[in-house]
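Taking it in order: structure first as C-alpha cells, then the write-up.
Proteins come first, then strands; the chains are lettered A, B, ... in the order of their sequence lines, and each starts at number 1.
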Protein chains: 2
Amino acid sequence: MGKKRRQFGLRYGSEAIAASTELERFPNTGLFLEGRLRHDLSQEEKVELESLVSRVEILPDGHRLISRGDICDHSTMLIDGFMLRTLDSGDRRYGVSFHVPGDFVDLHCFALKRLDHNIECVGQAKVGLVPHERIAEVMKEKPHLARLFWFSTLLDAAMHREWIMKLEQLKVPQRIAHIFAEVWCRLDMVGLAFEDGFDTPLTQADLADMCGATPIHVNRAIGELRKSGIADFNRGEVRICNREKLESFADFEKDYLYGDGALSLRQDGL
Amino acid sequence: MGKKRRQFGLRYGSEAIAASTELERFPNTGLFLEGRLRHDLSQEEKVELESLVSRVEILPDGHRLISRGDICDHSTMLIDGFMLRTLDSGDRRYGVSFHVPGDFVDLHCFALKRLDHNIECVGQAKVGLVPHERIAEVMKEKPHLARLFWFSTLLDAAMHREWIMKLEQLKVPQRIAHIFAEVWCRLDMVGLAFEDGFDTPLTQADLADMCGATPIHVNRAIGELRKSGIADFNRGEVRICNREKLESFADFEKDYLYGDGALSLRQDGL
DNA sequence: ATGGCATTATAACATATGATTGGTCCCGTG
DNA sequence: CACGGGACCAATCATATGTTATAATGCCAT
C-alpha cells in the first residue's frame with residue numbers, strides 16, 4: 001500500500017515526526033485528527049481512544065465496508081489505505097468523498113444508524129473497529145472527546161461543501177487538479193505525502209466517478225494537466241510538477257480542511 | 001413571509017397538525033426535527049430545548065447571519081423564513097445548501113467554532129438564538145439530546161452528499177427540478193407546503209448560484225420545465241404541475257432526508 | 001403617473017463535455 | 001511464450017452550457 005518515494009514534510013514536518021511517534025504509541029488511532037485538533041486531545045483521551053478499537057482487520061481492494069441502508073453497530077477507523085464514499089444512481093456510481101489514514105470514516109453512522117451512502121476500499125485497507133456501545137459511553141462520560149468526535153464528522157460536511165462549490169465553479173480539468181491538491185494536502189497532514197506528489201490506487205475511471213465526468217474526458221483533462229506542466233498521472237502515481245501552478249489552476253484554498261489555515265482551531269482548541 | 005395558498009399535508013398530514021400544536025407549546029423550537037426524529041424527544045427534552053433560546057430576532061432580507069471565518073458564541077434556530085449557506089470564490093457567490101423553518105442552521109458552529117461558509121437570509125427571517133454555554137451543558141448532562149443535535153448536523157452532511165451526487169449526475173434543468181422537489185418536500189415535512197407547490201423569496205439568480213449555472217441558463221431551464229408541464233416559477237411562486245413527473249425528471253428520491261423513507265429512524269429512534 | 005431598478009425573457013455564437021469508436025500498452029495467468 | 005483484460009490514449013461528431021447583447025415586465029419610491 002504505497003511504497004514511499006520520499007518523505008514530504010515540507011510544511012508539516014514537525015507533525016510528521018510527531019505522528020510517527022504517535023503511531024508507535026497508538027498504532028490504530030495515532031493519526032486521528034493529526035494536523036487538525038489532535039493536539040487538543042489529552043494523553044488520557046488518546047489512551048481512551050486507542051482502547052475503543054476492539055479489532056483490527058485487513059480489507060481487500062473494492063471491499064464494501066458499508067452499503068447504503070445498512071444498520072451498523074460499530075464504526076471504523078481507517079488505519080492504512082484509501083476509501084471512497086459513493087452513491088449509486090441509474091447504473092452509475094458517483095463518488096462524494098474519499099478518505100485517507102486517520103479518518104474515522106463512518107463515525108457518523110453512530111448517530112445516523114443507517115447510512116445514506118456506501119463506503120468502499122480503493123486498494124487494500126487496514127481498519128480498526130469501534131463498537132457503538134463504546135461511543136455511547138464516550139458521549140455519556142467524556143464530553144470533550146465527544147465534542148471532538150462531533151467535530152470530526154463536521155469536517156466531512158465542510159469538505160462536502162467545498163466540493164459542492166468546486167463542482168459548481170470548476171470545469172473537469174480543474175476538478176481533477178483540485179482532487180490532486182486535496183489528496184496531496186490531506187496525505188501530507190498525516191505525514192504520508194511525498195515531496196513531489198503521492199501514490200494512490202485510484203484509476204482514471206475512479207476519478208471520473210469522483211467528478212461526475214466520463215473516463216474519456218478525465219483522460220483529456222489529465223492530458224491537459226500534463227501538457228501544461230501542472231501534474232502527471234500514471235497508474236496511480238501522481239506527480240505534481242509545480243505546486244503553485246496546481247493550486248492556482250484548481251483554485252485550491254486549504255482553509256476548509258481546518259488544518260493550519262484561516263479557520264484553524266490550533267490556538268484555541270475546543 | 002409566505003402568504004399561504006392552501007395547506008398541503010398530503011403525506012405528512014398528521015404531523016402537520018401535530019406540528020401546529022407543537023408550535024403553540026414550543027413557539028421557537030416546535031419544528032425542530034419535525035418529520036424526522038422529533039417524536040424521539042421526550043416532553044422534558046422539548047421543554048429543555050425551548051428553554052435554550054435566549055432571544056428571538058427578526059432579520060431583514062439579505063442579512064448575513066455569519067460570515068466565513070467568524071468566531072461565534074451562539075447558534076441559531078430558524079423559526080420562520082428561508083436561509084442559504086453560501087461560499088464566495090472569485091467574484092461570484094455559490095450556494096451550497098438552504099434552510100427552512102425548524103432547521104438549527106448553524107448548530108455546527110458550536111463544534112467548528114469558525115464556520116467555513118456564510119449563512120444569509122433570503123427574505124425576512126425570524127430566528128432564535130442559543131448560547132453555546134447552554135449547548136455545552138446539554139453535551140455534559142443530556143447525552144440523548146446531544147446525540148439528536150449531532151444527528152441534526154449529520155442530516156446536513158447527508159443532504160450535501162446527495163447534492164454532490166446530483167451535481168455530478170444532472171444537467172441544469174434537472175438540477176432546478178431537484179431543488180424544487182427538495183424544497184417542497186422539506187417544507188411539507190414541517191407543514192409549510194401548499195398542495196400545488198410553495199412560495200419562496202428565491203430568484204432565478206439565486207437558483208443559478210445554487211446550481212452553478214448562469215441566470216440565463218436557469219431561465220432557459222425553467223422555460224423547459226414550464227413547456228413540458230412539470231413546474232412553473234414566477235417571482236417566487238413555485239407551482240408543481242405534476243409531482244410524479246417532477247420527481248422522476250429530477251430523479252428525486254427523498255430517502256436521504258431521513259423522513260419517512262428507507263433510511264428513516266422513526267421506528268427505532270436513537 | 002412616472003422613472004428607475006430588479007427580475008424575467010429571448011437570440012446568436014463559442015466552448016466544454018458526452019457518446020461512440022477504436023487503438024496501445026502493460027501485467028498476470030495458463 | 002501467447003493470450004486476455006484492465007488501464008490508458010486519441011479522433012470525430014452531437015449537445016449542454018456560457019457569453020454577450022437586447023428587451024419586456026412588474027414593483028417601488030418620488
Can [X] and [Y] be counted as having a side-chain donor-acceptor contact under 3.5 angstrom?
X: A/Gln204; Y: A/Asn219; answer: yes
X: A/His117; Y: B/Arg161; answer: yes
X: A/Ser89; Y: B/Asp251; answer: yes

Exercise. Would B/Asp88 and B/Arg68 satisfy salt bridge (Lys or Arg N to Asp or Glu O under 4.0 Å), going step by step from the backbone distance to the final call?
Worked result: CA-CA 9 Å; B/Asp88 296 313; B/Arg68 168 189 169 91; over 6 Å; no
Problem set entry | Contacting residues from residues 204-220 of chain B, given that a heavy atom lies under 4.0 angstrom of DNA chain D |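 When residues 204-220 of chain B is checked for heavy atoms under 4.0 Å from DNA chain D, the hits, listed by number, are B/Gly212, B/Ala213, B/Thr214, B/Ile216, B/His217, B/Arg220.
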Exercise. Near DNA chain D, which residues from residues 222-233 of chain B have a heavy atom under 4.0 Å away?
Worked result: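 Result for residues 222-233 of chain B: none.
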Problem set entry | Angle between terminal axes - the helix from C/dA1-D/dT30 to C/dG30-D/dC1, 5 pairs each end, rounded to 10° | 40°
Seminar exercise, completed: Its 5'-most and 3'-most nucleotides having an atom under 4.0 Å from a non-hydrogen atom of chain B, DNA chain D is contacted over D/dA16 to D/dG26
Problem set entry | With sequence neighbours excluded, residues passing ring-ring contact (aromatic ring centres under 6.0 Å, His included) with B/Phe98 | none
Exercise. Which nucleotide of DNA chain C is the first, and which the last, in the 5' to 3' direction, to come under 4.0 Å of a heavy atom belonging to chain A?
Worked result: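 From 5' to 3', the first and last contacting nucleotides are C/dA16 to C/dC25.
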For this session: Please list all pairs passing the salt bridge (Lys or Arg N to Asp or Glu O under 4.0 Å) test where one or both residues lie in residues 92-104 of chain A, with sequence neighbours left out.
Result: A/Arg92-A/Asp209, A/Arg93-A/Glu120, A/Arg93-A/Asp206, A/Arg93-A/Asp209, A/Asp103-A/Arg186
[X]: which residues meet the side-chain contact (heavy atoms from CB on, under 4.5 Å) condition with it, sequence neighbours left out?
X: A/Ala177; answer: A/Leu225, A/Leu246, A/Phe249, A/Ala250
X: A/Glu247; answer: A/Arg243, A/Phe252
X: A/Thr214; answer: A/Ile216, A/His217

For this session: For the pair B/His160 and A/His160, name the ring-plane relationship: parallel under 30°, tilted 30 to 60°, perpendicular over 60°.
Result: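 Plane angle over 60°, so perpendicular.
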For this session: Anything under 30° is parallel, anything over 60° is perpendicular, the rest tilted; go ahead and classify B/Phe104 against B/Phe32.
Result: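 Ring orientation of B/Phe104 relative to B/Phe32: perpendicular.
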Exercise. Residues two or more places apart in sequence or in another chain: which of them pass salt bridge (charged side-chain N to carboxylate O under 4.0 Å, His left out) with B/Asp232?
Worked result: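 Salt bridge (charged side-chain N to carboxylate O under 4.0 Å, His left out) check on B/Asp232 returns B/Arg226.
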Exercise. Can you list the residues that meet the salt bridge (charged side-chain N to carboxylate O under 4.0 Å, His left out) rule with A/Arg235, with sequence neighbours excluded?
Worked result: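 So A/Arg235 forms no salt bridge (charged side-chain N to carboxylate O under 4.0 Å, His left out) with any residue.
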For this session: Step by step, work out the side-chain hydrogen bond (donor to acceptor under 3.5 Å, both in side chains) result for B/Lys166 and B/Gln169.
Result: CA-CA 5 Å; B/Lys166 290 304 169 189; B/Gln169 177 188 29; 3.0 Å; yes
Problem set entry | Partner of B/Arg85 by side-chain hydrogen bond (donor to acceptor under 3.5 Å, both in side chains), out of B/Asn118, B/Asp116, B/Asp156 |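 By the side-chain hydrogen bond (donor to acceptor under 3.5 Å, both in side chains) criterion, B/Arg85 pairs with just one of B/Asn118, B/Asp116, B/Asp156: B/Asp156.
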